[in-house]
Amino acid sequence: MRLERNMEVVEQTPACCSSRYGLALMSCYGFFVVYTLRVNLSVALVEMLNNTHQSSTNHSSSVCPAHDMPPRPVHNHTASVYNWDSETQGWILGAFFYGYITTQGLGGYLASRFGAKWVLGLGVLVTVIFTLLTPVAADLGAGFLIVVRVVEGIGQGVIYPAMHTMWASWAPPLERSRLLTITYIGAQLGTVVALPLSGEICFYLDWTYAFYIFGIVGLLWFILWAFLVSNSPETHPWISEKERLYITTSLKKELSSSAHIPWRAIATSRPLWAIIVITFCFDWTFFTLLTLLPTYMKDVLGYSIQQNGILSALPSLGSGLISLVAGQLSDYLQETCLYRTAIVRKIFSIIGTIGSGAFLVAAGYTGCNYSLAVAFLTISTALGGATTAGFLINQLDIAPSYAGILMAITNTFSTIPGMVGPVIARSLTRNNTLEEWQTVFYIAASLNVFGAVIYIAFGQGTVQSWAVNMEYSQKD
C-alpha cells in the first residue's frame with residue numbers, strides 16, 4: 001500500500017512480523033505487568049484486614065445481603081492480618097501516587113535525552129523489586145507499606161512518558177491509534193487478569209502470593225525487554241530496511257531536529273491544557289474505581305473475595321474490548337473516511353467521559369440489584385476504554401517530538417486524583433451506605449462532563465508550529 005503525506009509517497013510495510021508491531025506486543029506485555037503490580041493490592045487489602053470483629057466470615061456486615069461462598073481451604077490462614085481503619089486504608093491505596101507524581105517530568109526528560117528503552121525498563125524493574133518486598137513491609141507496619149507503595153510509584157512514574165517518547169520514533173501517523181491501542185490495552189488486560197487471579201490466590205493460598213507471583217512475571221518481562229527492544233528503528237538490529245525507511249520517512253516531517261525544548265510555548269499551549277484538564281477529570285473516575293471497586297463489591301454488594309476479584313475485573317475486560325475497537329475505528333475514520341484528527345479524538349473522548357459518567361451515576365441507584373449494579377459499573381468503565389483513541393494519545397498528534405515531555409506534564413496533573421481520590425472517597429464512605437457511594441459517583445461523573453466540555457472547546461489534532469521545524473509546519 002502506498003500512502004501520500006505532504007506530497008511524498010511512502011511505501012507502507014505489512015504489520016505481520018514487523019518490528020513496530022513486535023514493539024507494540026512487548027509494550028502491551030509491559031503494561032500488563034505494570035497494572036498487575038498496581039491493582040493486586042486493591043484485592044489483597046480486603047484479605048489483609050482483620051475481620052474477626054465481624055459476626056461471621058460471610059461478610060454479613062455488607063449493606064446488601066451477602067452471597068454464599070464455598071468453605072475456605074484450611075491452609076490459607078498463615079499470612080498476617082492487620083487492624084487498619086478506613087482512613088489508613090485510603091492512605092495505603094493512595095500512597096502509590098505520591099511517588100508516581102514525582103518522576104513524571106524526570107521520565108520524559110531522561111527518555112528524550114538518553115533513550116526510552118532503559119528508562120522504561122528500569123522503572124518497571126524498581127516496581128517489581130518493591131512489589132516482592134510488600135509482605136515484609138506490611139508486617140513491619142502500615143507506615144513501611146506506605147513507603148514501599150511510594151517507591152513503586154516512583155518507578156512507574158517514568159513509564160508513560162518514556163513510552164510516548166519511544167512511540168514518537170516508532171509509530172507512523174496513520175497507524176498511531178492502532179499501535180498505541182495495542183500497547184495500552186495491556187493495562188486493561190493486567191487489571192482483568194490481576195483482579196480475579198488475586199482473588200483466587202488469596203482464597204486458595206494467602207494474600208502474600210498475590211505479590212510474589214506477579215513480581216516474578218514482571219522479572220520475566222524485564223529480561224525479554226532488555227534483549228528484544230531498541231530505542232528507535234535506526235538502532236534496531238533486526239528491522240528490515242523497507243520498514244525502517246517507511247517509519248522514518250512517514251515521521252520526518254512531524255519531528256523537530258532542534259535540541260531546544262520550547263518550554264514557554266508548551267506552557268501556554270491551549271491544546272495541551274485541554275488534554276491536561278480532561279485527563280485530570282477522567283482519571284479521578286478511573287483511579288477511584290481502580291482502587292476502590294473491590295471495596296465496593298465487598299462492603300456494599302456483599303461479594304466474597306473469590307467473587308470480588310472476578311466481578312471487579314469485568315469493567316476492565318469491557319474497557320479492553322472497547323479500546324481495541326476504538327483504535328481500529330479511529331484509524332479507519334482518519335485513513336479511509338478522511339475525518340480530521342481533532343474530530344476523531346473528540347468523538348472518542350466524549351464517549352469515554354460523558355458516557356462513562358452517566359452509567360456510573362446510574363450504578364449508584366441500583367440498590368441491591370446485583371446484576372444491574374455490576375452491569376452498569378462494567379458499561380461505565382468499558383466506555384472509558386474509548387479514550388485510548390481520544391485524548392490519551394493526543395500528545396503525539398500535537399507535538400510528536402516532545403510527546404514524552406507532554407505526557408509527563410499531563411500525567412503530573414492527572415496523578416493528583418490518584419493521590420487524593422481514594423482518600424476522599426473513603427472519608428465520604430465511612431459507613432459504606434448507598435447514599436455515601438452515590439456522592440462519590442456524582443463527583444466523578446461531574447468531573448468527567450466538565451473535562452469533556454473543556455476538551456471539545458480547546459482540543460486540537462494538528463502538529464503545533466512550536467513543535468516542528470517551521471519549514472515542515474503542516475495542517476491536519
Side-chain angles (χ1 to χ4, degrees), residues 31-32 35-36 38-40 42-43 46 62-64 67 181 184-200 282-327 329 348-390 392 421-422 425 429 434 437-438 440-445 447-449 452:
F31 277 87
F32 171 89
Y35 272 77
T36 59
R38 187 181 295 193
V39 307
N40 56 0
S42 298
V43 175
V46 175
S62 61
V63 174
C64 300
H67 300 260
T181 296
Y184 294 137
I185 198 177
Q188 280 87 28
L189 292 175
T191 307
V192 166
V193 171
L195 288 174
L197 189 55
S198 294
E200 295 294 326
F282 177 78
D283 278 358
W284 187 286
T285 303
F286 175 76
F287 288 132
T288 297
L289 289 180
L290 185 69
T291 56
L292 294 179
L293 189 56
T295 300
Y296 182 79
M297 290 288 186
K298 172 182 176 288
D299 292 344
V300 176
L301 298 183
Y303 286 107
S304 69
I305 186 65
Q306 253 190 323
Q307 300 160 328
N308 195 327
I310 295 171
L311 294 174
S312 295
L314 287 178
S316 293
L317 176 61
S319 179
L321 295 174
I322 294 294
S323 294
L324 278 178
V325 174
L329 183 57
F348 288 103
S349 296
I350 291 170
I351 294 171
T353 53
I354 296 178
S356 175
F359 279 95
L360 184 60
V361 170
Y365 287 91
T366 56
C368 291
N369 187 327
Y370 305 111
S371 299
L372 199 58
V374 172
F376 282 174
L377 288 170
T378 299
I379 295 172
S380 174
T381 305
L383 290 176
T387 61
T388 56
L392 286 180
T429 56
L434 288 171
W437 281 97
Q438 287 168 4
V440 171
F441 294 159
Y442 264 121
I443 292 172
L447 285 170
N448 272 8
V449 173

Closest non-hydrogen atoms of Q188 and S323, given as atom of the first, atom of the second and distance, are OE1-OG, 3.9 Å
Check side-chain hydrogen bond (donor to acceptor under 3.5 Å, both in side chains) between S349 and all other residues, then give those that pass, not counting sequence neighbours.
none
OG1 of T378 to CZ of F376, rounded to nearest 0.5 Å, is 11.0 Å
If you take all heavy atoms of F282 and G384, which pair is closest and at what distance?
CZ-O, 3.7 Å
Under the side-chain hydrogen bond (donor to acceptor under 3.5 Å, both in side chains) rule, what pairs show up with a residue in residues 360-369, not counting sequence neighbours?
Y365-Y442
dist L360:CG -> I379:CD1 (nearest 0.5 Å) comes out at 12.0 Å
Using every non-hydrogen atom in the two residues, find where A386 and I351 come nearest and quote the distance to one decimal.
CB-CG2, 4.0 Å
With F31, which residues qualify under ring-ring contact (aromatic ring centres under 6.0 Å, His included), at least two apart?
Y160, Y184
Parallel under 30°, tilted from 30 to 60°, perpendicular over 60°: which one fits the rings of F441 and W437?
tilted
Which atom pair, heavy atoms only, marks the closest approach of A452 to T353?
CB-OG1, 3.4 Å
OG-CG distance between S319 and L324, expressed to the nearest 0.5 angstrom
10.0 Å
Could you give the distance from CD1 (I322) to OG1 (T381), rounded to the nearest 0.5 Å?
11.5 Å
Approximate separation, where rounding is to 0.5 Å, of N448 CG and W284 CH2:
12.0 Å
Minimal non-hydrogen separation, A445 against V361, with atom names:
CB-CG2, 3.4 Å
